[in-house]
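Reading through the structure tokens given below for one structure.
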Amino acid sequence: MATTLTFIFVSLLAITTLVRLWLGNRHIQYIQSHRQQVPAAFTQTISLEAHQKAADYSSAKTKVTIAETAAHAILLLLLTIGGGLQWIDQVWTQWLPNQDIIRGALVICSALFASTLIELPFDYYRTFTVDAQFGFNKMTPVMFFSDMFKHGLVGLALGAPILFAALWLMQGAGDYWWFYLWAIWSVFNIVMLAVYPTFIAPLFNKFTPLADITLKSRIENLLTKCGFKSQGLFVMDGSTRSGHGNAYFTGFGSSKRVVFFDTLLDKLNADEIEAVLAHELGHFKHHHVIKRVVMMFSISLIGLALLGWLINQSWFYAGLGVHQPSDYMALILFLLVSPTFLFLLRPIMASYSRKNEFEADDYAAKHADAKFLVDALVKLYRENASTLTPDPLHSAFYDSHPPASIRIAKLATYTGNR
Ligand SMILES: [Zn+2]
């Protein structure tokens with residue numbers, strides 16, 4: 001049974017890695033082969049120069065992702081059947097032979113730290129070589145590392161209690177520990193959704209109330225028209241880190257707030273901002289956030305129930321390179337290995353997300369002017385140097401948003417009706 005699991009895991013990891021590398025290469029080739037000409041729908045709005053910049057920027061980013069994918073696969077093999085986790089466990093056991101829970105937490109943190117560490121050079125390269133080359137990076141190395149340090153501390157402060165709760169429940173809560181853990185995990189996530197905008201996001205960015213009175217009253221009109229209550233309109237200093245623009249809603253219930261990146265406000269006019277906001281409101285009106293949360297909770301319940309069973313199967317450990325079964329080993333193995341098994345579901349999740357985008361566009365077209373949303377999208381594609389010609393298969397696997405040409409063609413049908 002153990003050898004069967006090893007065989008399935010290694011084959012699946014090889015397949016998903018090869019599929020990822022193949023999709024990345026296809027994407028680059030497709031973009032480069034469409035580099036010489038701006039797609040017909042955009043000849044009036046996007047210059048050849050901007051189109052080529054987008055092609056080169058997207059290709060450069062995809063190359064980094066390809067290298068990162070390969071590095072991740074190698075690390076995963078080293079940690080599992082390469083004996084890495086087993087070795088980490090032995091090291092901590094020498095130090096803390098009798099402290100199961102603390103040792104477990106340290107083993108898990110060490111493995112997660114290794115996964116984070118391997119991403120570091122890629123993130124650094126993405127920021128200071130790729131983004132810098134295309135004029136998007138605003139960060140200094142000091143900011144980069146202090147952000148990383150802060151993220152680590154926040155992750156530790158929030159993650160440690162959950163991790164200890166998990167290990168404690170696994171050890172002493174009986175056969176249904178996974179259900180109690182799921183309940184705690186779900187409550188934790190809901191609390192996070194509520195406190196994130198007010199307590200955590202401000203650790204990384206400054207949020208100031210929207211000062212532009214005219215814009216503010218237009219937006220408030222739209223919010224009232226759509227029956228939406230929020231805790232305020234804020235501008236976030238996204239420009240201190242990057243040149244990319246965005247707008248979003250955070251929080252839920254009474255802590256909801258609308259956040260605009262300062263970069264977005266700089267680039268779009270009031271009509272366009274209103275249309276973008278109407279799109280975001282569409283996500284709320286169609287309950288996309290709630291649906292996503294419910295889906296996440298269901299998946300984690302299934303996952304934890306499965307782990308509740310796997311934890312008692314000796315082949316689960318042996319098949320993945322661990323010779324001393326323990327609660328914490330089951331947990332970390334499951335965290336590390338499950339993405340490989342879930343990768344093939346990715347196109348389904350991505351297509352669901354694209355469906356949500358169409359629904360939000362539909363809502364925007366009914367409550368604002370679709371023409372302005374098209375204008376805003378074109379500007380954002382241009383300013384962010386996003387490619388207009390993604391490889392269709394790559395897009396089907398990865399893209400949470402429909403390709404620009406399809407989305408804009410759909411929006412154009414609404415403007416035609418007016
Ligand atoms: Zn959207």
Side-chain angles (χ1 to χ4, degrees), residues 1-13 16 71-119 152 155-156 158-185 188 299-343:
M1 198 64 182
T3 25
T4 314
L5 176 61
T6 308
F7 177 75
I8 293 174
F9 170 62
V10 174
S11 320
L12 206 56
L13 181 62
T16 55
H72 258 293
I74 293 167
L75 178 75
L76 184 54
L77 278 181
L78 287 177
L79 282 175
T80 54
I81 55 171
L85 281 177
Q86 183 67 46
W87 178 77
I88 294 173
D89 192 21
Q90 273 158 11
V91 171
W92 285 115
T93 306
Q94 279 171 5
W95 284 82
L96 299 158
N98 301 317
Q99 311 280 336
D100 276 6
I101 289 186
I102 295 174
R103 186 175 71 238
L106 289 167
V107 169
I108 290 175
C109 286
S110 309
L112 295 179
F113 182 70
S115 312
T116 313
L117 209 59
I118 201 155
E119 282 167 19
L156 209 60
L158 298 171
I162 281 285
L163 183 55
F164 278 107
L167 294 172
W168 181 72
L169 286 171
M170 289 171 103
Q171 194 182 56
D175 287 346
Y176 294 101
W177 65 266
W178 52 270
F179 184 76
Y180 308 129
L181 178 57
W182 176 76
I184 291 180
W185 172 245
F188 171 78
I299 292 172
S300 54
L301 181 62
I302 296 169
L304 280 166
L306 180 65
L307 180 58
W309 177 70
L310 286 171
I311 203 168
N312 298 317
Q313 316 300 320
S314 60
W315 51 263
F316 172 61
Y317 304 88
L320 296 170
V322 168
H323 304 300
Q324 266 125 28
S326 61
D327 296 343
Y328 56 83
M329 276 302 192
L331 188 57
I332 187 66
L333 277 176
F334 191 74
L335 288 176
L336 291 176
V337 165
S338 51
T340 305
F341 287 82
L342 292 173
F343 178 72

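Basis for what follows: all heavy atoms, side chains included, without hydrogens, waters or symmetry-related copies. Since we're looking at a predicted model, the values are computed, not measured.
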Who are the side-chain contact (heavy atoms from CB on, under 4.5 Å) partners of Ser300, not counting sequence neighbours?
Trp182, Trp185
Considering all heavy atoms, the nearest Leu167-Gly104 contact
CD1-C, 3.8 Å
Does any non-hydrogen side-chain atom of Leu333 lie less than 4.5 Å from one of Tyr328?
no
Backbone N/O of Leu320 and side chain of Thr80: donor-acceptor pair under 3.5 Å
no
Just wondering, are more than 12 heavy atoms of other shown residues or ligands nearer than 6.0 Å to CZ in Phe164?
yes
Go through the steps for Val107 and Ser326 under the test side chain to side chain contact (heavy atoms under 4.5 Å, CB included), then give the verdict.
CA-CA 11 Å; Val107 169; Ser326 61; over 6 Å; no
Minimum heavy-atom distance between Gln86 and His323, given as atom pair plus value:
OE1-N, 2.6 Å
Please name the pair of heavy atoms, one in Leu112 and one in Thr116, separated by the smallest distance, quoted to 0.1 Å.
O-OG1, 2.8 Å
Is the closest side-chain heavy-atom distance between Leu306 and Trp309 below 4.5 Å?
yes
Between Arg103 and Thr93, is there a donor-acceptor pair closer than 3.5 Å when you use the side chain of the first and the backbone of the second?
no
Is the count of non-hydrogen atoms from other residues, nucleotides or ligands lying under 6.0 Å from Trp177 atom CH2 greater than 12?
yes
Between Trp178 and Leu301, is the side chain to side chain contact (heavy atoms under 4.5 Å, CB included) condition met? List the steps.
CA-CA 8 Å; Trp178 52 270; Leu301 181 62; 4.0 Å; yes
Considering all heavy atoms, the nearest Met329-Leu85 contact
CE-O, 3.3 Å
Which heavy atom of Ala111 sits nearest a heavy atom of Leu79, and at what distance?
O-CD1, 4.4 Å
Steps toward side chain to side chain contact (heavy atoms under 4.5 Å, CB included) verdict (Ile101, Asp327):
CA-CA 9 Å; Ile101 289 186; Asp327 296 343; over 6 Å; no
Does CH2 belonging to Trp315 count more than 12 external heavy atoms closer than 6.0 Å?
yes
Stepwise, does the side chain to side chain contact (heavy atoms under 4.5 Å, CB included) test hold for Leu310 with Tyr317?
CA-CA 9 Å; Leu310 286 171; Tyr317 304 88; over 6 Å; no
Taking all non-hydrogen atoms of both residues into account, name the closest pair between Leu331 and Ala166 and its distance.
CD2-CB, 4.3 Å
